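Step one of this worksheet: look at the structure below.
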Amino acid sequence: MREGRFVCVSLGHNALEREWIHPSAPSEEFLVRFEDGGKDTTLTGGSGWRSVDASQSSLARGWKATSILLDSTTSPLRITRHYACHERLPVIRQWTTVTNTGTRPLRITRLDTFQLRVAPAPAPLELRWLNNFGRAMIPSPGNPMQRRTIEENAEQQIRTGPYSPDCAWFSLAVPEAEELLIGGWEWSGPMVVSFGGGLEPCLISGGLDADRMSEPLAPGASMASPVGWYGFVKGDLDDAAALSHALVREALSPPLPERDFPWAGYCTWATAIDEKRNPHNEPGTHPWFPTEKNVLGQVEAAAAIGCELFLWDFGWFPRIGDWWFDPARFPQGSRRVSRAVHERSMKLGLWFGFGNADEPSRVVREHPDWLAEYNGKPIPDDFFIRTAASTWNTRILCLAHRPAREWVKDQLARIIDEAELDWLKHDFDLITICQSRTHTHTPGDSRMASCEAFYEIMDFIRARYPRLVCEQWMNDSAVPDYGVLQRHHVQLIGDAYEAFRLRQMVYGHLQIFPLDRQHRYLRIEDSAGDLSTVLQSSMIGGPWTLLSDPRLLTEEQRGRLVREIGFYKRFRGLAATGKVYRLIGRPHPRGWDAFQLWDERRGEGVVYVFRNRHPAAAWPIRLKGLQRDAAYDAEYLRARSSARVAGSRLLDDGLRVELPMPDTCELIALRRAAAC
């Protein structure tokens, strides 16, 4: 506090002894706008405050929080500014709680997570951000890194949440230096964060999307902003990715299964894609709704190739919204399928689109008032953007409406118990706009309540079923952010199944998510080229799920598949313990690309190398993270050769890889041998 102003006067990067706050432009830390009796008021840290109290507390997962209470000297508002530091990670989490200390209701119209002004160097900072690669694979192919120089008269917004273009992550780089400020936010609803603001120093500002925001705040009531975080990195984007991975693993996300994870799996949607080509889709049945006999045949085939997860996808129910096993096709419910999967030592996963319902479903017929509305009509009628509901001709339930939300919890618990599930995959629309004035959410605006409802459902599932693996996916509006990562074990990286595109998606996804939390599907029929290259392209990290029916493959193909799954299981542990390096750059169809996983503690690693349609038949792959004075054994698993190479040579000259034919690959196991 300085003369009634609450500002940040110093933010130092200790590793490089650099100050990021300019002395003439300290950060005002927070911003809140509200209506009080028809009057609009905006308060920041510079608006005049009286210090009330400060306290410290220990939070779970290694966080220690400092909370500072401030009363406005001009308005009936209390601010509690929270900061949480981690015991091992160079990260600060921050959020703001506003409390109405007056006697009449207020209406919050803006509440920012970030108000940070930075100027670590005279040159303009370089901003990077990621497009939302989950949303209908737009742009295609997914995961392009965006970049802009933030100088005078420049401002860039990052918009996240359903139907928005970006991911909840950013980095600001000091030019000509290996130094980054990276950050993100823990909110899956609409957010807008701006960089620049037209004047130097660079202002990082924003939070909840203020467009049409109008949240009531009764006397004595409180409301919190989403949590934002930022931290310093010395190095490059791979080092920035490593900090994000450590944050997810150590301090945010639920722990992964301890044995043999990430799993190799199979998904029954393969038979729906094959439709009439698949002779196992019995005559007179719809390929999206397989019979028990068909599903049991897939169980046998998946176990035979070494799968550990059997993901029972769309079609186990009579219609979307009627969440019970169709008695016409599964007369014993889930019992026979569940028993068959577990007897073969596989885990059982189940697809669930619990936010949507067909119009003839019982829930829509009995509770039409539970549907999300836009312009007075049930979504997707006259909605402003494509949704899963418009693609699948369904309606969207308003989960922000408490009766609908409680019904969803009941459906999930009943099915999880009945089928003895090990894995839950959700899909379709879950966070949506609803303008209903009769629901339990804020009249005419459900954006905050919808996200909170989604979190409440997932928190309920996680608390009741702590061993259940939860997969995050929302068709057309996936929200890859640090809020969903707190409630899920894995994220589906995109609804695309072709091998080369999977490598591109993994490349971009790595900026946020650890490799062992990146679920991906592979459809062999969608992928051209050598089968080993197709499979290796999809097996960098995981979990890995096959979306091709093994019953339709040749004996030679199944043999190759079994061999590649063996390689996958050999190296998958490195996805959890190793650091990942993107050695050449984003995969390009006319280039070479390579990924390295290296566990320094164990002295083990693996390198995935791909020659695409590049004219060169050999390439020196310069490795990273190794010791110069050590020797390393490199085992070329496809060429079936080996070599011992000095660490200095691997770092400076590279590991030579020869691939005479385009669209082929090499898989190299690395092990530290001894000092040179």
Side-chain angles (χ1 to χ4, degrees), residues 265-276 278-304 307-366 392-394 407-428 461 465 468-471 473 521 545-552:
Y266 168 76
C267 178
T268 63
W269 188 245
T271 62
I273 298 175
D274 286 323
E275 294 197 357
K276 295 179 181 179
N278 193 325
H280 301 281
N281 290 332
E282 298 167 74
T285 65
H286 194 291
W288 294 2
F289 295 88
T291 63
E292 184 176 81
K293 177 183 177 182
N294 190 343
V295 174
L296 290 173
Q298 293 175 71
V299 172
E300 292 282 357
C307 289
E308 300 151 304
L309 169 67
F310 185 84
L311 185 51
W312 195 354
D313 208 276
F314 187 100
W316 50 271
F317 40 81
R319 63 183 60 84
I320 298 170
D322 288 341
W323 301 122
W324 54 81
F325 293 92
D326 187 354
R329 292 175 292 120
F330 303 97
Q332 297 186 40
S334 62
R335 188 175 309 153
R336 291 191 67 195
V337 174
S338 178
R339 184 171 63 237
V341 168
H342 290 131
E343 284 178 349
R344 288 155 182 78
S345 300
M346 292 191 293
K347 308 293 185 182
L348 177 60
L350 196 70
W351 180 100
F352 223 124
F354 57 78
N356 286 36
D358 284 334
E359 202 148 19
S361 65
R362 180 186 297 175
V363 64
V364 174
R365 286 186 284 108
E366 295 181 354
W392 291 83
N393 194 29
T394 63
W407 177 84
V408 164
K409 291 181 188 177
D410 291 342
Q411 307 309 301
L412 284 165
R414 176 175 49 79
I415 291 298
I416 292 169
D417 288 336
E418 178 184 338
E420 299 180 328
L421 294 185
D422 306 292
W423 179 293
L424 175 69
K425 173 188 175 179
H426 63 66
D427 198 350
F428 289 0
I461 294 299
Y465 305 100
L468 182 74
V469 176
C470 295
E471 175 188 348
W473 178 243
Y521 292 118
T545 296
L546 179 66
L547 203 57
S548 296
D549 191 338
R551 298 172 297 182
L552 302 183

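The structure presented is a predicted model; accordingly, all values stated were derived computationally and were not measured. The first residue in the sequence is number 1, and the count goes up from there.
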Work out which heavy atom in [X] is nearest to a heavy atom in [Y]; give both atom names and the distance.
| X | Y | value |
| --- | --- | --- |
| Asp313 | Cys267 | OD2-SG, 3.2 Å |
| Phe310 | Ala302 | CD1-CB, 4.1 Å |
| Arg551 | Ala301 | CG-CB, 3.6 Å |
| Ile320 | Gly353 | CG2-O, 4.5 Å |
| Gly321 | Trp407 | O-CH2, 3.5 Å |
| Ser334 | Ala419 | OG-CA, 3.3 Å |

Got more than 12 heavy atoms from elsewhere within 6.0 Å of [atom1], [X]?
| X | atom1 | value |
| --- | --- | --- |
| Lys347 | NZ | no |
| Arg344 | CZ | yes |
| Asp417 | CG | yes |

Does any part of the side chain of [Y], heavy atoms only, come nearer than 4.5 Å to the side chain of [X], both counted from C-beta?
| X | Y | value |
| --- | --- | --- |
| Leu296 | Val337 | yes |
| Val299 | Met346 | yes |
| Tyr465 | Leu424 | no |
| Phe330 | Val295 | yes |
| Thr268 | Pro290 | no |

In Å and rounded to the nearest 0.5 Å, what is the [atom1] to [atom2] distance from [X] to [Y]?
| X | Y | atom1 | atom2 | value |
| --- | --- | --- | --- | --- |
| Asp358 | Asp322 | CG | CG | 8.0 Å |
| Gln298 | Thr271 | CD | OG1 | 4.5 Å |
| Glu420 | Leu350 | CD | CG | 13.0 Å |
| Thr285 | Lys293 | OG1 | NZ | 11.0 Å |
| Tyr266 | Cys307 | OH | SG | 9.0 Å |
| Phe289 | Arg319 | CZ | CZ | 9.0 Å |

For the side chain of [X] and the backbone of [Y], is there at least one donor-acceptor N/O pair under 3.5 Å apart?
| X | Y | answer |
| --- | --- | --- |
| Thr394 | Ala357 | no |
| Trp316 | Trp351 | yes |
| Thr545 | Tyr521 | no |
| Arg329 | Gly315 | yes |

Could you tell me if Asp422 and His342 have a donor-acceptor pair between their side chains, going purely by distance under 3.5 Å?
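Side-chain D/A pair, His342 to Asp422: present.
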Going by atom types alone, do Asn278 and Asp549 pair a side-chain donor with an acceptor below 3.5 Å?
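Note: Asn278 and Asp549 side chains meet the donor-acceptor criterion.
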Where do Asp427 and Phe314 land on the side chain to side chain contact (heavy atoms under 4.5 Å, CB included) test, with the steps shown first?
CA-CA 10 Å; Asp427 198 350; Phe314 187 100; over 6 Å; no
Just do the ring pair (Phe, Tyr, Trp, His ring centres under 6.0 Å) check on Trp323 and Phe352 with the steps written out, would you?
CA-CA 9 Å; Trp323 301 122; Phe352 223 124; 4.7 Å; yes
Using ring centroids (six-membered ring only for Trp), state whether Phe428 and Trp392 fall under 6.0 Å.
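Between Phe428 and Trp392, which both carry aromatic rings, the centre distance is below 6.0 Å.
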Can you check whether Trp312 and Trp269 have ring centres sitting under 6.0 Å from each other?
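Ring-ring flag for Trp312/Trp269: false, centres at least 6.0 Å apart.
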Test side chain to side chain contact (heavy atoms under 4.5 Å, CB included) applied to Leu348 and Leu311, step by step:
CA-CA 6 Å; Leu348 177 60; Leu311 185 51; over 6 Å; no
After noting the C-alpha distance and the side-chain angles of Asn281 and Asp274, does the key distance pass the side chain to side chain donor-acceptor pair (under 3.5 Å) rule?
CA-CA 9 Å; Asn281 290 332; Asp274 286 323; over 6 Å; no
Taking only Lys NZ, Arg NE, NH1 and NH2, and the carboxylate oxygens of Asp or Glu, determine whether Glu292 and Arg336 approach each other closer than 4.0 Å.
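A salt bridge is present here (some side-chain N lies under 4.0 Å from a carboxylate O).
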